[in-house]
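Whatever order the structure lists them in is the order used to number ligands and atoms, beginning at 1.
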Amino acid sequence: MKKKIHLGYDLSWTHLDGRWRSPGSWSHVNFPDIRLYEEIAQIAERGLLDFIFFGDGTGIPNTWEGSIEPAVKWGIGWPRQDMSPFIAAMSRMTQHIGFGLTYSSTFMHPFYVARLLNSLDHVTGGRMAFNVITSTRRADAANYGFDELMEHAERYDRMDEFIHVCKALWSSVAPDAFKWDRESGLVADPSKVKAIHHTGKFFRVEGPLACVPSPQGRPVIVQAGASPRGIKTSAHVADYVFALSSGLERQVKHRNELDKALVAEGRDPRTVGVFWDVVLIVEETEREARRRYEKLLHAIPAEGIGAFLSHQIGYDLSRLPERFTIEEINGQITASNASPVGFMHITRAMEPGREMSRAEFYEQMTHHTASYDQVVYGTPKRIADYLEEIFVATGENGGFMIAHPPATPRDLLNVVDFLVPELQRRGRFRTGYSGQTLTENLRA
Ligand SMILES: Cc1cc2nc3c(=O)[nH]c(=O)nc-3n(C[C@H](O)[C@H](O)[C@H](O)COP(=O)(O)O)c2cc1C
């Protein structure tokens, strides 16, 4: 039997950066109307997807000229809600679809996050995943009392300790601790409820977690480190890894580096799947897919592009010199503690070491902002060929996170109604949910 491809659907950007008004996006309500998310969750479950996903960022982009104005005006990277109550509501309309939720280990406290995710795992009946991030954006850090970003490696040290504390808390009450004996009145067995006595570099947490163990025991843990230090933490803490689709060769390399890091941690690489982030336009005909692809460049108003990119990479692009090399700019980005790999990823098509002009750079970056340089477009057959090729070359372990859809629900419907049946015909996608929890469905 062929190994199955698993699919997540990223809803983090559907209401941002001009997508909310592109044809095929909802038109009857505005973000964050819960009816919108209830509808999306039901469509995703009809398509048997593994999970829907919410990334996070808590600050309004202000890196461009130190101002929030263009972001506020054009909906660049904002608004964002805390999606946890939305997940609770969506879970009541569905039975199987999983939910990925993002919190920052740099800004949050592990006791709070462990408790919240335990409760959400109860409400959803064991369908939660936790995407833990270090946060690389200055506007986010400023809301939590930081003038500068915490140093990159230190952020990962903190993440390691954060997840260690969460896992200790999630196991601090044994699954069979609760008795709820109406006759005697006994609630729980004290020998099965243990303090964790944690004292580390970043946190002191006594424990235990004052909660009933949840259906999954703990959420599925996902992490997206891409730098060597980030991959080390992936290998240390993650059940699944999110990674960028940087081209077949680079993805095979990323998978190999992750496997080496997992072996160094004493873990079996086969137990950790990768979800490759992909932007798809699936249409019944090549011609329609191409037409929608060409329209992408007009989604974001020009004024918003600098604000979007500056926020993403952590560098005020309004200060770009007339001529420069990518490496010079990345040196400054890395020195300011943003991710050392993010900018190199979005400029990967540019020739290393070559001096370029601002105008040349902007043209490329406009393409990136619109996802024009990332989209795979075409008929279900063409997209399924692409996904299968990557899936097989990277060890048939995990699947894809369908991200940055140009229009929702249209692009979700196209995945569910055109792509999923094509993958099913090839024996590469489930024909029904076999498990109760997200963990079980991901493993099937
Ligand atoms: C699919 C995917 C989802 C991500 N979601 C978020 C997010 O919600 N918020 C965020 O600040 N970063 C997010 N990131 C960025 C990563 O957390 C990470 O910072 C990035 O991959 C750079 O790696 P590094 O920290 O090892 O340098 C995401 C990355 C990927 C590939």
> Can a protein heavy atom be found under 4.0 Å away from atom 5 (N) of ligand 1?
Replying inline: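 Within 4.0 Å: yes, protein heavy atom nearby.
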| message | Going by a strict under-4.0 Å cutoff (protein heavy atoms only), does atom 15 (C) of ligand 1 have a neighbour on the protein? | response |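 So atom 15 (C) of ligand 1 lacks protein heavy-atom neighbours under 4.0 Å.
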- With the side chain counted from C-beta on, respond yes when Asp157 and Arg229 share a heavy-atom pair under 4.5 Å apart, and no when they do not.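 Yes, their side chains come closer than 4.5 Å.
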Quiz prompt | Side-chain heavy atoms of Arg115 within contact of Leu209, under 4.5 Å | solution =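 Touching, per the 4.5 Å side-chain cut-off.
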Just which atoms of ligand 1 are under 4.0 Å from any heavy atom in [X]?
X: Asn131; result: 5 (N)
X: Pro340; result: 27 (O)
X: Thr136; result: 19 (O)
X: Tyr156; result: 23 (O), 24 (P), 25 (O), 26 (O)
X: Ala226; result: 21 (O), 23 (O), 24 (P), 26 (O)
X: Gly225; result: 26 (O)
X: Gly55; result: 8 (O)

#### Entry: Residue pairs fulfilling salt bridge (Lys or Arg N to Asp or Glu O under 4.0 Å) with at least one residue in residues 126-144, sequence neighbours excluded
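Applying salt bridge (Lys or Arg N to Asp or Glu O under 4.0 Å) to every pair that reaches into residues 126-144, excluding sequence neighbours, yields Arg138-Glu148.
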Inset, instruction - Check side chain to side chain donor-acceptor pair (under 3.5 Å) between Ser12 and all other residues, then give those that pass, not counting sequence neighbours. - result: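 Ser12: side chain to side chain donor-acceptor pair (under 3.5 Å) contacts with Asp10.
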Checklist line | Donor on one side chain, acceptor on other, Gln223 and Ser234, under 3.5 Å | finding: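 Yes.
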